[in-house]
Amino acid sequence: MASISLTFPDGNAREYDAGITAAAVAESISKSLAKKAISATVNGEHWDLQWPINENATIALHTMQDDVQANELVRHDLAHIMARAVQEIWPDTKVTIGPVIKNGWYYDFDRKESFTPEDLITIEKKMKEIINKRDAVRTEVWERDVAIKYYEDRGEPYKVELIEGIPGDEPLRMYWHGEWQDLCRGPHLQHTGQVPGDGFKLMSIAGAYWRGDSDREMLQRIYGVAFTGKEKLKAHLNMLEEAAKRDHRKLGREMDLFHMQEEAPGQVFWHPNGWRIYTELQDYMRRRQRAGGYVEVNTPQVVNRQLWEKSGHWESYQENMFIVEVDEDHAREKTVNALKPMNCPCHVQVFNQGMKSYRDLPLRMAEFGSCNRYEPSGALHGIMRVRGFTQDDGHIFCTEEQIETETKIFIEFLSEIYAELGFTNWAIKLSTRPEKRIGSDAIWDQLETSLGNACKAAGYEYDIQEGEGAFYGPKLEFVLTDAIGRDWQCGTLQVDSNMPERLDASYVGQDGNKHQPFMLHRATLGSFERFIGILIEEHAGKLPFWLAPRQVVVASIISDADDYVHEVVAALNASGVRAEADVRNEKINYKVREHSVGKVPVILAVGAREVEERTVTVRRLGEKQTSVQALDDVKAALAVESTPPDLR
RNA sequence: GCUGUAGUAGCUCAGUGGUAGAGCGCGUCAUUGGUAAUGACGAGGUCGGGAGUUCAAUCCUCCCCUACAGCACCA
């Protein structure tokens with residue numbers, strides 16, 4: 001038998017017979033390692049202990065202490081164990097796929113009856129039984145026709161389809177968890193008993209389309225979370241509970257920022273507090289954009305269908321548009337209009353007025369543009385995904401040569417703003433050419449490269465989203481994360497030559513001829529609605545002082561201090577701080593609690609002593625300690641703090 | 001849009017085939033208190049909308065709306 005050389009992480013190499021398994025390698029090192037080993041990394045890939053190694057390789061053995069590998073195995077085995085449990089309880093259930101995801105796994109089933117929340121408890125119980133059986137996990141490599149026949153006989157059409165989709169040269173691995181078996185790439189643990197029975201929890205049931213295709217069957221998906229132990233699971237569940245407290249919908253109510261109601265689904269009723277944040281943010285963005293060389297415009301809400309026909313929206317975006325038909329009885333003439341779902345066609349109209357020269361480019365045009373889109377009902381989510389929203393939109397009209405530089409400038413512009421708003425964790429995604437597209441591959445090559453280069457030049461890494469670009473050009477997405485880890489695209493930059501062409505935008509070049517400009521659709525915050533939602537969750541309601549809707553409450557301890565309270569409030573307001581008086585006949589404890597719950601960053605308490613000494617007692621949100629300070633000092637400090645970062 | 005769950009007072013929720021209840025909040029009164037809930041009393045809901053079954057529906061059935069979770073969508 002041929003021999004192979006395996007190199008360990010410490011650099012030492014040892015000779016083994018070809019075909020040796022990682023389990024045997026562990027055995028060769030020590031009994032205890034053999035007992036503890038769960039998997040191996042072979043040549044950088046996560047391997048099952050039972051797979052034969054036939055070539056020279058690097059190898060690292062893993063135990064339950066290696067979180068990354070252990071979690072993957074535990075979650076993956078649980079997916080199988082859950083599927084087995086479900087089929088043991090309801091044998092008529094068909095299985096499909098069950099991958100590992102962040103914090104856990106899911107498995108999609110096809111079954112006539114719906115799973116109920118109570119079923120989850122039953123399934124969990126069955127899973128624990130399976131774990132306690134400590135059934136061996138075995139792999140077998142099957143021939144395609146055998147595997148297909150097997151699944152056809154068992155009435156598992158989804159598995160048959162899966163196998164048919166696997167390239168012919170890939171080995172088909174069958175994993176057995178006891179008597180139950182599933183098609184699976186692996187790797188897995190050695191027996192079901194290795195899965196910590198108290199480290200997982202079934203979380204929810206949801207619908208999901210087979211193969212992610214809305215034209216195909218709707219399956220039932222069961223989600224679970226799993227960790228290598230009880231404590232880690234507990235920590236995770238705890239984190240979820242804490243995250244729920246940061247939900248912008250909950251905080252929006254508690255801080256009295258906004259509400260939504262049935263009569264206007266997907267639209268926001270901003271309350272004074274919320275609108276404060278909104279306008280403060282908008283003022284900030286307006287200054288920022290002016291400094292960034294943008295001209296601000298404003299364009300109509302209701303626009304005749306003719307423009308949408310020209311822009312192409314009427315044909316390809318109509319189902320997402322609010323159509324406004326003017327009734328003949330009440331109007332001089334009947335027209336069909338649409339609420340604008342986007343600002344770009346209108347911006348081209350502004351660009352098209354008068355002759356433009358190459359000297360006018362790049363032309364950066366911005367608008368706080370209100371848009372209305374008839375989003376699918378199931379897509380709506382608080383103020384993060386709505387039907388009526390305002391983008392901090394902008395379009396940069398430029399030449400092809402200017403694209404890369406303009407993109408870089410924009411990324412720098414955006415990153416400074418995100419930093420000033422308190423975001424450190426955000427990502428860039430580069431979406432590349434989709435299947436259905438216009439333009440030559442040469443152009444796509446160039447544009448994709450330009451966007452990538454611009455990111456690098458600005459000092460940022462990016463992930464590629466293959467095929468996710470718009471049909472007319474590649475795009476960058478700037479992604480932020482909400483309280484429970486869901487990603488939201490906020491900023492964006494998209495390259496477009498299609499819109500200028502359709503709407504006849506042109507400029508006179510150096511050569512005296514007409515040329516067509518490129519258009520960069522870009523937004524920094526994305527929409528005020530979504531961004532404020534993210535902002536609330538990111539800061540758990542404790543917004544930076546300058547953005548806080550209510551900055552200071554001056555609370556009296558005794559009513560004899562009321563006059564002084566009003567004096568303090570007036571002094572603060574005069575220096576640009578948002579202060580309000582609380583002279584209600586309530587105890588200071590009560591007032592402190594209420595305003596703390598309302599996330600007011602600073603409470604100034606005032607009693608006999610403060611009146612006497614012309615001081616205030618300062619209490620910062622989240623701090624237990626208070627400090628007595630001179631009114632004038634506090635006033636000066638808060639005035640600085642309430643100044644937006646770009647004006648300091 | 002699809003699958004599932006839910007909708008009772010401003011909020012969080014309990015409850016029942018015989019026209020509803022708690023806590024908080026709100027109002028009034030008393031209390032002037034030193035940093036996360038002072039006490040007493042009071043007001044407040046045709047139980048998401050519509051139809052049906054029934055002597056009788058908030059409760060059972062059907063349709064619709066909205067929200068939530070996930071999927072699909074996201075120029």
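All values below were derived from every heavy atom in this structure, side-chain atoms included, with hydrogens, water molecules and symmetry-related copies excluded. Here is how names work: the chains are called A, B, and so on, in the same order as the sequence lines, proteins then strands, and each is numbered from 1.
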Quiz item: cation-pi between A/Arg387 and A/Tyr374, 6.0 Å / 45°:
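Yes, a cation-pi geometry.
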
Could you tell me how far apart [X] ([atom1]) and [N] ([atom2]) are, to the nearest whole angstrom?
{"X": "A/Glu217", "N": "B/G4", "atom1": "CD", "atom2": "P", "result": "15 Å"}
{"X": "A/Arg609", "N": "B/G33", "atom1": "CZ", "atom2": "P", "result": "13 Å"}
{"X": "A/Lys250", "N": "B/C24", "atom1": "NZ", "atom2": "C1'", "result": "13 Å"}
{"X": "A/Gln220", "N": "B/U5", "atom1": "CD", "atom2": "P", "result": "10 Å"}
{"X": "A/Tyr472", "N": "B/C74", "atom1": "OH", "atom2": "C1'", "result": "12 Å"}
{"X": "A/Ile603", "N": "B/U35", "atom1": "CD1", "atom2": "P", "result": "13 Å"}
{"X": "A/Tyr590", "N": "B/G33", "atom1": "OH", "atom2": "P", "result": "19 Å"}
{"X": "A/Asp393", "N": "B/C74", "atom1": "CG", "atom2": "P", "result": "18 Å"}

A/Trp426 vs A/Tyr418 aromatic rings, parallel, tilted or perpendicular, using cut-offs 30° and 60°?
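Perpendicular: the ring planes of A/Trp426 and A/Tyr418 meet at over 60°.
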
Mind checking whether A/Trp270 and A/Phe258 have parallel, tilted or perpendicular rings, split at 30° and 60°?
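Answer is perpendicular, since the angle exceeds 60°.
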
Between [Y] and [X], do the side chains contain a donor N or O and an acceptor N or O under 3.5 Å apart?
{"X": "A/Ser431", "Y": "A/Gln465", "result": "yes"}
{"X": "A/His313", "Y": "A/Gln318", "result": "no"}
{"X": "A/Trp210", "Y": "A/Glu161", "result": "yes"}
{"X": "A/Gln629", "Y": "A/Thr615", "result": "no"}
{"X": "A/Lys340", "Y": "A/Thr299", "result": "yes"}

Between B/G34, B/G33, B/U35, spot the one nearest the side chain of A/Val592, thanks.
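Given the options B/G34, B/G33, B/U35, the side chain of A/Val592 is closest to B/U35.
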
Output yes when at least one side-chain N/O atom of A/Arg253 is less than 4.0 Å from OP1 or OP2 of B/G10, else no.
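So the side-chain polar atoms of A/Arg253 never come under 4.0 Å of the phosphate oxygens OP1 or OP2 of B/G10.
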
Is the phosphate of B/U35 approached by A/Lys624 (side-chain N or O, under 4.0 Å from OP1 or OP2)?
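False: A/Lys624 side-chain N/O out of range (4.0 Å or more) of B/U35 OP1/OP2.
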
The dot-bracket string of RNA chain B, counting Watson-Crick and G-U wobble pairs with both distances under 3.5 Å, using [ ] for crossing pairs and | for pairs to another strand, is (((((((..((((....[..)))).(((((.......))))).....(((((..]....))))))))))))....

Quick one: what's the B/S/- string for nucleotides 66-73 of chain B, heavy-atom cutoff under 4.0 Å, read 5' to 3'?
SSSSBBBB

Nearest-nucleotide 5' precedence on RNA chain B, A/Phe471 against A/Leu219:
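Of the two residues, A/Leu219 wins.
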
Given that A/Lys591 and A/Arg584 both sit by RNA chain B, which one's nearest nucleotide is further toward the 5' end?
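Between the two, 5'-proximity favours A/Arg584.
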
If you measure from the [atom1] atom in [N] to the same atom in [M], how many Å do you get, rounded?
{"N": "B/A56", "M": "B/C63", "atom1": "P", "value": "23 Å"}
{"N": "B/A6", "M": "B/C74", "atom1": "C1'", "value": "26 Å"}
{"N": "B/G4", "M": "B/G17", "atom1": "P", "value": "27 Å"}
{"N": "B/C24", "M": "B/C59", "atom1": "P", "value": "30 Å"}
{"N": "B/U66", "M": "B/G48", "atom1": "C1'", "value": "8 Å"}
{"N": "B/U61", "M": "B/C73", "atom1": "P", "value": "35 Å"}
{"N": "B/A30", "M": "B/U35", "atom1": "C1'", "value": "23 Å"}
{"N": "B/G44", "M": "B/U28", "atom1": "C1'", "value": "15 Å"}

With a 3.5 Å cut-off and heavy atoms only, can you find an N or O donor on one side and an acceptor on the other between the side chain of A/Ser114 and the base of B/U3?
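Answer no: no donor N or O sits under 3.5 Å from an acceptor.
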
With distance as the sole criterion, do the side chain of A/Thr617 and the base of B/G34 form a donor-acceptor contact below 3.5 Å?
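For A/Thr617, whose side chain was compared with the base of B/G34, there is a donor-acceptor pair (under 3.5 Å).
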
Is a side-chain donor or acceptor of A/Glu124 paired with a backbone partner of A/Leu202 at a separation under 3.5 angstrom?
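Such a contact is found between A/Glu124 side chain and A/Leu202 backbone.
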
Does [X] reach a base, just sugar-phosphate, or nothing at all? Heavy atoms under 4.0 Å.
{"X": "A/Ala608", "result": "base"}
{"X": "A/Ala605", "result": "base"}
{"X": "A/Glu610", "result": "base"}

Interatomic distance, A/Leu451 atom CG to A/Glu448 atom CD [nearest 0.5 angstrom]
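So the CG of A/Leu451 and the CD of A/Glu448 are separated by 8.0 Å.
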
Determine the sole option in A/Tyr294, A/Phe528, A/Phe389 for which the ring-ring contact (aromatic ring centres under 6.0 Å, His included) test with A/Phe368 is passed.
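So the option named by the test is A/Phe528.
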
